[in-house]
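Below, chains carry the letters A, B, ... as their sequence lines are ordered, and counting in each starts from 1. Computed from a predicted structure; not experimentally measured.
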Protein chains: 2
Amino acid sequence: MGTALKRKAKKLLSSVKLRRTNPRVAVLGLLLAVDKPLTQDQISTRLGRNAPDKVTIYRTLESFVRAGLVHRAFLQERVWHFELADDCTEQQCHPHFTCTSCGDTHCFTGVTMPMARSPEKGFVIGHQRVQLEGFCPKCNPNL
Amino acid sequence: MGTALKRKAKKLLSSVKLRRTNPRVAVLGLLLAVDKPLTQDQISTRLGRNAPDKVTIYRTLESFVRAGLVHRAFLQERVWHFELADDCTEQQCHPHFTCTSCGDTHCFTGVTMPMARSPEKGFVIGHQRVQLEGFCPKCNPNL
DNA sequence: TAGCTAAATGCAACTAAGTTGCAAGTATTT
DNA sequence: AAATACTTGCAACTTAGTTGCATTTAGCTA
Ligand SMILES: [Mn+2]
Ligand SMILES: [Mn+2]
Ligand SMILES: [Zn+2]
Ligand SMILES: [Zn+2]
């Protein structure tokens with residue numbers, strides 16, 4: 001991991017009053033670098049030989065979520081994907097697109113969706129999530 | 001389960017060329033009756049004493065999904081929720097609202113959302129899913 | 001109606017994502 | 001440098017969903 005990324009990660013950690021430990025710098029630096037949702041397993045693999053323990057990665061991510069640095073980006077499988085909580089408003093994150101052919105996920109950061117309106121009085125819609133699936137350019141049969 | 005429901009379930013099964021077995025009639029009848037997403041566990045509990053085996057419920061639901069009778073309505077937890085595949089178009093199902101206070105889920109069947117537009121050439125958006133969370137009328141602090 | 005067969009079921013064992021408890025280590029404060 | 005609250009790693013656990021296989025059954029045919 002680049003020194004610049006490490007510095008950025010440490011700064012971020014301090015800004016939310018989290019201790020600047022090695023596992024946290026590594027995980028946060030990675031999320032800063034890849035800029036797309038990753039699972040615990042993917043994080044572990046990418047950090048390679050001296051990746052922190054699985055439990056530490058989960059707890060690290062949990063602390064990031066609590067601090068508001070990271071979101072769980074719910075995809076359609078059974079595993080959680082985590083990404084930085086930028087490109088989001090209070091009410092909604094950007095849509096996520098997953099290719100049904102190759103499985104790749106893309107962040108549609110430029111796409112904004114109108115908020116759903118409640119069908120009846122009394123509901124308060126605090127947050128909205130949009131998931132998309134289909135073919136990515138690589139797998140598009142018409143291309 | 002009511003006789004009418006059973007008859008309806010059997011009819012539906014025949015219409016998609018699935019064998020009319022007891023487990024299938026029971027599970028489909030239940031989904032017809034409750035009209036909201038249920039997990040395998042909830043289905044099993046509601047069917048009570050002589051509910052089919054867990055594996056049978058999963059395989060039953062899988063056959064319904066293959067036949068297009070049922071959708072997996074992905075909610076925010078780690079478990080799958082299944083519901084009848086009506087109130088859906090080819091491109092999107094109705095939004096689902098889950099209350100962050102009491103956990104109840106409501107189907108916003110009347111609410112339609114515009115489809116997201118691809119941010120760049122090449123993506124084909126086949127399906128869109130919208131999840132909402134907030135306070136339900138029961139838990140709304142302003143009510 | 002009885003028999004045939006492919007499809008469906010039930011059970012036990014398994015997989016894998018995420019959790020919990022606890023002893024040992026360490027970042028920050030003083 | 002010492003104190004201590006926070007963090008880490010490991011082992012054991014939980015739980016949703018899967019797999020393999022022997023047994024049963026729905027729907028068909030004779
Ligand atoms: Mn994203
Ligand atoms: Mn619904
Ligand atoms: Zn693709
Ligand atoms: Zn509620």
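Among the nucleotides dG17(D), dT28(C), dT25(D), the one closest to the side chain of Arg19(B) is dT25(D). Of the listed nucleotides (dT19(D), dT8(D), dG17(D)), dT19(D) has the atom at the smallest distance from the side chain of Arg59(B). For Trp80(B), taking side-chain heavy atoms from C-beta onward, the closest of the listed nucleotides dT28(C), dG17(D), dT19(C) is dG17(D). Comparing dG17(D), dT26(C), dA8(C) by their nearest atom to the side chain of Arg78(A) picks out dG17(D). Of the candidate nucleotides dC11(C), dT19(C), dT8(D), dT8(D) has the atom nearest to the side chain of Thr56(A). Each of dT9(C), dG17(D), dT19(C) was ranked by its minimum atom distance to the side chain of Arg24(B); first place goes to dT9(C). Across dT19(C), dA16(D), dC10(D), the shortest atom-to-atom separation from the side chain of Val79(B) is found for dA16(D).
The residue among Thr39(A) and Pro23(B) whose nearest nucleotide of DNA chain C is located toward the 5' end is Pro23(B). In this structure, Lys54(A) and Asp41(B) both approach DNA chain D, and ranking their closest nucleotides by distance from the 5' end singles out Lys54(A). Toward the 5' end of DNA chain D, the nearer of the two residues Pro52(A) and Ser14(B), judged by each one's closest nucleotide, is Pro52(A).
Rounded to an integer number of Å, the gap from CZ of Phe82(B) to C1' of dA16(D) is 10 Å. Atom CD1 in Ile57(B) sits about 13 Å away from atom C1' in dG17(D), given to the nearest Å. As a whole-Å value, the separation of Gln42(B) CD from dT15(D) C1' is 15 Å. Taking atom CD on Glu62(B) and atom P on dG17(D), their separation rounds to 12 Å, with Å as the unit. The OH-P distance, from Tyr58(A) to dC13(D), rounds to 19 Å in whole Å. Separating the CZ atom of Arg20(A) from the P atom of dT28(C) is a distance of 6 Å, rounded to the nearest angstrom. Atom C1' of nucleotide dT8(D) and atom CG of Leu18(A) are separated by 15 Å, given to the nearest angstrom. If you take CD of Glu77(B) and P of dA16(D), they are 11 Å apart, rounded to a whole angstrom.
Salt-bridge check for Glu83(A) with Arg72(A): failed, with every basic side-chain N at 4.0 Å or more from each acidic carboxylate O. A salt bridge does not link Asp41(A) to Lys54(A): none of the charged nitrogens lies less than 4.0 Å from a carboxylate oxygen.
Side-chain atoms of His127(B) and Glu90(B) include no donor-acceptor pair closer than 3.5 Å.
Residue-level contact check: Ser63(B) touches neither bases nor backbone, having no heavy atom under 4.0 Å from any strand. Residue contacts for Val55(B): at a heavy-atom cut-off of 4.0 Å it reaches a base atom on one of the strands shown.
At dT7(D), none of the side-chain N or O atoms of Thr21(A) fall inside 4.0 Å of OP1 or OP2 (strictly under the cut-off).
Ring geometry, Phe97(B) versus Phe108(B): the interplanar angle falls under 30°, so the pair is classed parallel (tilted spans 30 to 60°).
His96(B) places a side-chain heavy atom less than 4.5 Å from the side chain of His94(B).
Aromatic rings from Phe123(B) and Phe135(A) are positioned such that their centres are separated by 6.0 Å or more.
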